[in-house]
2 protein chains.
Amino acid sequence: MNQQICDLKYFLSPRSIAIIGASENFASISGKPLHFLIEHDYKGKVFPVNPKYDTLGGLKCYKSVLDIPEPVDLALLAVNFKQVLPALKQCVEKKIKFATIFASGFAESGEEGRIMQQQIAELAKESGMRICGPNCQGSVGLKDKAIGGFSASLGVKPLKVGPIGYITQSGALGYSIFSLAQEAGVGFSYVASTGNEVDLHTLDFMEYILEDPGTKMIISYLEGIKDGKQYARLADRALELGKPIVTLKAGRSEVGQKAASSHTASLTGSDAVCDAFFRQKGIIRSHDIEDMIDVAALMQKIPALPEGKGIGLITTSGGGGILMADEASDLKLDIPELDPESRKIIMEVIPPYGSALNPVDVTAQVINKAEDFMKVLQVIVAIPQIHALVIVITQITGEQGKQMAEDIVKISKLTHKPVTVAWTTGDLLVRDQLKILSEGGIQFYKSPVRAVRAMGALMKYSIFRKEILSRTKADPEKGLAGNIRESAISFLTNKQHNLTEHEGKELLALYGIPVTKEEIASSEEQVVSIAETIGYPVALKINSPDILHKTEAGGLKLNIKDKTELVSAFNEVLKNARNYNPKAQINGVLVQEMLSGGTEVIVGVNNNPQFGPVVMFGLGGIFVEILKDVSMRVAPLSFEDALEMIKEIKGFKVLAGARGRAKADIQAIAGILVKVSRMALDLETHIAELDINPLLVMPEGNGVRVADALVLKI
Amino acid sequence: MNQQICDLKYFLSPRSIAIIGASENFASISGKPLHFLIEHDYKGKVFPVNPKYDTLGGLKCYKSVLDIPEPVDLALLAVNFKQVLPALKQCVEKKIKFATIFASGFAESGEEGRIMQQQIAELAKESGMRICGPNCQGSVGLKDKAIGGFSASLGVKPLKVGPIGYITQSGALGYSIFSLAQEAGVGFSYVASTGNEVDLHTLDFMEYILEDPGTKMIISYLEGIKDGKQYARLADRALELGKPIVTLKAGRSEVGQKAASSHTASLTGSDAVCDAFFRQKGIIRSHDIEDMIDVAALMQKIPALPEGKGIGLITTSGGGGILMADEASDLKLDIPELDPESRKIIMEVIPPYGSALNPVDVTAQVINKAEDFMKVLQVIVAIPQIHALVIVITQITGEQGKQMAEDIVKISKLTHKPVTVAWTTGDLLVRDQLKILSEGGIQFYKSPVRAVRAMGALMKYSIFRKEILSRTKADPEKGLAGNIRESAISFLTNKQHNLTEHEGKELLALYGIPVTKEEIASSEEQVVSIAETIGYPVALKINSPDILHKTEAGGLKLNIKDKTELVSAFNEVLKNARNYNPKAQINGVLVQEMLSGGTEVIVGVNNNPQFGPVVMFGLGGIFVEILKDVSMRVAPLSFEDALEMIKEIKGFKVLAGARGRAKADIQAIAGILVKVSRMALDLETHIAELDINPLLVMPEGNGVRVADALVLKI
C-alpha cells in the first residue's frame, strides 16, 4: 500500500484547465464549468475543447487537447460516457496530470459500464494520470476560483472562501450540502466530489487537504470507506494537527446500506465497526446535513478549540437555560456551578428571580442597564472551569438587542474561549442584531439545542484529542512481535482451516496470553497421569478439528473429581464423539484444569474488509447474547484504548464489583486485548476470525485465563 | 378534583378587554397590548385604564376599571407587582371574568412575592374570577386578533392564523418559539403563556383548546406538570379526537431540573416517569424547538393523518435516499419494498443506475422528460402499503425544478396520503420552486432527516392511536375493586408503617395475586406441622416488622429438606434475629414453600406526586440493578398495556425463551400487572410504595408466584 500522500496540488489549484466537450449552452453540464470559470474570474488558463466551435465564451476553442499549445494541469471531461475513454487517452498523450470525469453510465449502470470503468482504472494505473470520477460533480479550489464542477450552487456570487475542506462521495446531494453551507455562511478552502472513485478517492483528498495550512477542519459526506487503514492514518494525523474531521456517514441502517450499494459502487461495511472507528479516532459523526454545517460554521469562527468540556450557559429566559442544560447533560459535558464570588457579582446585577448558578439566567431585565450584561459575561468568561460559552437570547429586540449583540462580540475579542449564541427569534425581528453578531465573527443559531450540540462536538473533540495525544501510541510494528510473528505463521501454515481448541490456545500462548493448563491424552494411562499433574478437578474435551460443537457431540465432561470418574469419562467422551461423527478425525482427549470463580468475558477478532482486524470485547452470557453489549476497536490498541474499551460496555459494573462481587482483574483484561490486537495485525493475512469465549477473569491481581478459543484461518 | 373542563371562551375570545396600567409608550410592556390591538384591528371593545390619561391611542381612558360603563371579559394587568392585588380586587368588584397578570416579582422572587402570590390564589378561589399568570406574557386568540400579550413577536403583520394551539409555561422562550413558528409558516388558533400558574394552568388551556373545532394539534412548552391525572384525562380525549399533542418538556437532566425549579415555581418530576407517561398516552415528545415546529408545520398542511407507518421515500440523488432510510429505520417505520409491477413501471422512466426499490432513486435524469416524475409519484402513491411520501430533491433548479414542485402539488391533491419534501438547496437557488410548494400547501424542509422525523412522528402517533382506540379501556372504577378495596383498607388500617413480608402477601392475595404457600410458626411443633402441610423443601424467614434485611440478620434459611434440619434452622433463625436486634418485635417464623425453576422479575409501584401510582416492571438481578432495564406505566393499565410494558424491556428475550430456556408465562405477568395497577389506584391514599421482588414466573401456562413483597404505607 502506498503510504505517501497523493499530491493533489495541481488538481485543486490548477494553473490551467482544459474542458473537453465544452458547450456554448451555458445552462448545460458541458457549458457550466466554462461559464463559472469566466464568471468568477479564474486567473489560470482555460482551454475549451470541442471540434464544433472555433471560440467559446470569447476563448479560442481547440479541436482536441492535443492541439493546446501549452501544458494542462487539469482536464474536465464533459463528454458522453462513450467518448470518455478515447478522450482520456488523448489526455495521457498530452501529459495532463489530472482528469475529472462527469459522465455517469459506468459501474453504477451495469455490466457494460463496469467494463469501461475497469478500463479507465487500468489507464490511470498505467499512465500515472490521476483520475477523479466518473459519475462525479468535480472539484473546486475556492481561493483560486478554480472551478472544476458544474453544480448550480457554483453559480452563486460571491462564493464564500474559508477554512473548511469538504469531500463528498455523492455529487448531487454533496453540492446541495455545499449550497446550504454557503448560505449558512460557511466558507470553504477546497471541495471535491469523487463519484465512482475509479482512481482518486475520498481519503486521498482528505489526506491532502488536511495538510493545507488554510484548512482548519474537514467535513465529508461518505457512503463507503475504501481503505480503513488509510483513514486511520489520516485521522491520526488530523488529531496531531488539531483539525477535526466531521463525517456524515450515510447507510447506518440495513435499508440505507442497501440503498448505498445500489447508489455507488462502494462497500458500506458494518456500521457498528464504522461507529467504533469514528469514536476511536475522534472523528465527529454527524447524522444530518444540518449537524455537519452547524459544527463547520462554528469551527470557522472560533479563535481556538475549547480547552475542556466545561460549558458556561447564559440565558435571558429560564427555559432557554433548561433546554441547553438538558442537551449539555446528554452530551456528558460539564456544567460547573459558579463559585460564590462569581455568583455574588452576578446576583448584584440580575433580579432575584434570575439565577446565578449555571445556567445563568440573567432574565430580560438585564437589558435595563447597558453595562450589566457585559459584567455577567466578564465574570463567567474568567472562570477557569468554563471553557466555552453558549448564550441564549430569547426575544430581546431593538436597541437593547443590539447592545447585547455588541457586548457578545466584545467579550469574544477579549478571550480565546469560544462563544456562540442561540437567538430564538424570527429573523424579521432581529435582523440588525444578527448582523452585528455575524460581522463580529460570532456564529449564531436559532435553536439552543443546536448551539450546544455544535459547541459540545468541538469540546468533546478537543478533550479526546488531548487524551489521545497524551497516550503512548499503539505501534503495530513494535512490541511483542518480531520472531513471534514468524513462529506463529509457521505454526499456522500446517494447520487445517479451523484450529482445534488446543491449537488455538497454543497460538495464543505464543503471544504470551495465559491459557488453561491442559494436555492431550490418547490413552487411559496418559489421561490419569496428566490429570494428576494438573490436579483435580479437571475437564475433558474431545480433541477433533471436525467437531466444533463439543457439548452437542457429548464430547465434554466437566468437574471430574477423581481417577475413577476420569477413566470412565475418558472412554465415554471418545465413544460419544465417534457416534456423533464417525468420519471425524479424533486426536485424543484434552485434559484441562477446571477453573472456578472468575467472570466470563468474550474477546474476539474479526477481519474487516475495510479496517482490517477489529477487536471485540463483551461480558459473557446474556450481555452478549441478548443485549449485544460489546465494544469494538480497530487494531492496534494501546493499553489505554483497551481500558476504555472495557469501561465502555454497559455491563462494566459487573467487572467493577457490583452486587457484592470481587472487583475483576481489569488491568489483566486490558493487557490481553492489547496482545490480541497485536497478534491480529501480525496474522492479518492468515486469520479470519478469533473467538476467546470465555476468557475467565479472576479477582483483581489474579489475572485471566483463556478457557476456550476458536481460530479460523483465512 | 374538578373533572369539568374549565370554560375559557371569553378568556381566549373576549368581547371586551380592559388594559389596567395602559401606557402611551407603545414600546413598553404596558403600551404594547393596546398598540397591538389597534394595529391588528381587534373587533371587540378595548378599555385603557390609567388615571394619568384621558385618552390613549384614540380611545377613552378610564381612571379605574370601575368607571368602565360596559361589561369586561378580560382584564390585562400591566401594572407593577405591588399594584396587582388592589387592581385585581377592583376587577372582582367589576365582575370581570378573567385577568392576566404580566408582572414578575412573585413566587419566583422570594418570600414577599410568595405571600402575594398566595393572596392572589385565594382571591381567585373566593371570587371565581379566573387568573392567568403572574409572570406570564399573556394569551392570543388569533382569529379574533384578541391580543392579550406584549411580546414583540405579536407586532409582526399579518399574524398567521391556523389550526395549531400553543401553550407555554415560559413567557420569553415561549413567545420566541411562537415567533420562529410564525416565520416557518405555522398558523395558530390560540396561544397562551401561563407563567407562575397561580390559578389557570397549562393543562386547563390544553383541555379547553382541544375541544376547539378549528384546532388540529396542540403544541406545548412545559417545565412542570401540575396534575398528571388531568393530563392523562385530556390526553385520552385528544386520542379520541385524533388531535396530536406535542410537548417540549424541558428539564430532562438533573441540571435542567434544577434550572427549572429556580425558574418557575413548578415541580419538574422524575423525567423517566414523564417519558413513560408520554409514550403511554401517545404524546409526541420533542427535544428541540425546531422538532416541535417541524411537526406542527406538517400537521397544519396535510389533509389527514397518515394511516400507517409505511413510508415511501423518493429522491433525485442516492445520498438523499440513504439519509432518509437511516432516519426512517431509527424511527422503526416500515420502508416497504415496491412490488415487481410498480418497479417495472418506474424502471421504464428512470436510468439503469437509478433504483426502483424504496428509497426510489429517480436520479437527476428524471427531469429530462416532464411527465416521468409524475408517473413515478402516481405509481408510488397508489401502493397500499405506503401511507405517506417524503421526497428529497437535491439540486434541481430552474424550470425543471418548478415542474417537479408542480407535480408534487398535483399529486398531493389526488391523494389523502400526506406528502412532504426536503429540498436540500440554498434558498437563493430555489426560491420560486419553494414558493410553488408553499402555495400548493406542501410543507418542505431543507434536511431529509428532519422531513422524515416530522412525518415519522405523525405516522407513529397515528398507528399508536389506532392501537389504543382498539383496546379495552382500563377503567379504574370497575373490575376487581368494590368491597375488596374496603377489605384492603381495613386490613391496612391497623398495620405498622412497613408491612411484613407475610402481611404484604396477604394484601396482594386480597386482589387475587398468587403468593407462595406460607404460614407463621411460633413453636417447634407448629413449624413441623406447617412444613409437612406445605411439603419439603421449605424456607424459613424471621417474621418481624423491625427486621427488613433478613439475610443480613441471619434470619433466612433456604431449601430445608427434612424435619431435623427444620427444627435446628427454626431455633437458629430465632436466635440470630434476637442477637441482631434485641429490641425487635418478633412474631414467629414464616414457613414458606421453596419454589424452583422460573425466572425472577420485579413488579413495583411508586406513588408519584404528579401522576399518582406508577407501575414498574423489570427482570431481576443485573437487569434492574446494573442495567436499569425497567418499563413504567401510569396506573390504570389495560391487559394490552401490561403486555406492551413487558415486551418493552431490553431483556424481554429472556422471558420469550432465549438461550434454550422455556418460554415464561407472560400472560400471567400481564395479569398481575393489571391487578397491581388496580390495587395501587384503590389504595393510592394508603400505600406509598410496593415492591414485589421477586415475582417468580413459571414456564408458559404455569403462572407466577409472589416470592417476596414489601409494602410501605403512607
Side-chain angles (χ1 to χ4, degrees), chain A residues 104 108-110 151-153 156 170 172-173 175-176 179-180 182-183 223 250-253 255-256 259-260 262-263 288-290 316-323 325-326 329 335 352-353 355 359 361 364 394-395 397 424-429 446-447 449 625-627 650-651 653-654 658-659, chain B residues 104 108-110 151-153 156 170 172-173 175-176 179-180 182-183 223 250-253 255-256 259-260 262-263 288-290 316-323 325-326 329 335 352-353 355 359 361 364 394-395 397 424-429 446-447 449 625-627 650-651 653-654 658-659:
Chain A
S104 39
E108 78 284 5
S109 290
S151 161
S153 57
V156 175
S170 169
L173 180 67
Y175 270 102
S176 74
S179 152
L180 291 169
Q182 287 263 299
E183 287 201 11
E223 284 164 16
R252 290 199 312 279
S253 62
V255 184
S262 82
H263 174 231
D288 190 9
I289 296 171
E290 290 177 335
T316 60
S317 163
I322 306 172
L323 290 178
D326 283 349
S329 298
I335 311 174
Y353 56 91
S355 168
D361 179 4
T394 44
Q395 211 169 58
T397 57
T424 60
T425 301
D427 282 337
L428 292 175
L429 292 165
K446 293 284 165 192
S447 144
V449 171
E625 289 173 38
I626 293 182
L627 302 168
K650 294 192 199 80
K653 284 184 196 160
V654 170
R659 306 188 77 204
Chain B
S104 39
E108 78 285 6
S109 289
S151 161
S153 57
V156 174
S170 169
L173 180 67
Y175 270 102
S176 75
S179 153
L180 291 169
Q182 288 263 300
E183 286 200 12
E223 284 165 15
R252 290 200 311 281
S253 62
V255 185
S262 82
H263 175 231
D288 191 9
I289 296 172
E290 290 177 334
T316 60
S317 164
I322 305 172
L323 289 179
D326 283 350
S329 298
I335 312 174
Y353 56 90
S355 167
D361 179 4
T394 44
Q395 212 169 59
T397 57
T424 60
T425 302
D427 283 337
L428 292 175
L429 293 164
K446 293 283 166 192
S447 142
V449 171
E625 289 173 38
I626 294 183
L627 302 168
K650 294 192 198 79
K653 283 184 196 159
V654 170
R659 306 189 77 204

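The chains referred to below are lettered A, B, ... by the order of the sequence lines, with proteins before strands, and numbering in each begins at 1. These numbers come from the heavy atoms of this one structure, side chains and all, not from hydrogens, waters or symmetry mates.
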On a heavy-atom basis, the closest approach of A:K650 and B:L627 is CB-CD2, 3.8 Å
side-chain hydrogen bond (donor to acceptor under 3.5 Å, both in side chains) filter on A:T397, not counting sequence neighbours, yields none
Residues B:T425 and A:S176: closest non-hydrogen pair is OG1-CB, 4.0 Å
Greatest number of non-hydrogen atom pairs under 4.5 angstrom with chain A, of B:S104, B:G110, B:G321, falls to B:S104
If one checks every heavy atom of B:L180 against chain A at 4.5 Å, the contacting part turns out to be both
One option among B:V255, B:D326, B:T424 has the most heavy-atom pairs under 4.5 Å with chain A, and it is B:D326
Do any N or O atoms from the side chain of B:S179 and from the backbone of A:G426 form a donor-acceptor pair under 3.5 angstrom?
yes
Validation row: B:I322, A:L173 side chains within 4.5 angstrom (heavy atoms): no
In short, A:G651 meets B:I626 closest at the heavy-atom pair CA-CG2, 4.3 Å
A:T394 meets the side-chain hydrogen bond (donor to acceptor under 3.5 Å, both in side chains) criterion, sequence neighbours left out, with A:T316
Can you check whether B:L428 reaches A:E183 side chain to side chain, under 4.5 Å on heavy atoms?
-> yes
Applying a strict 4.5 Å limit to non-hydrogen atoms, the region of A:A152 in contact with chain B is both
So, the part of B:L429 with a heavy atom under 4.5 Å from chain A: the answer is both
Chain A shares the most heavy-atom pairs under 4.5 Å, among B:S151, B:G320, B:A172, B:P359, with B:A172
A:Q395 side-chain N/O to B:Y175 backbone N/O, donor-acceptor pair under 3.5 Å: yes
A:A325 and B:S253 have their tightest heavy-atom pair at O-OG, 3.5 Å
Okay, A:V156 and chain B: the region with an atom under 4.5 Å from a heavy atom over there is side chain
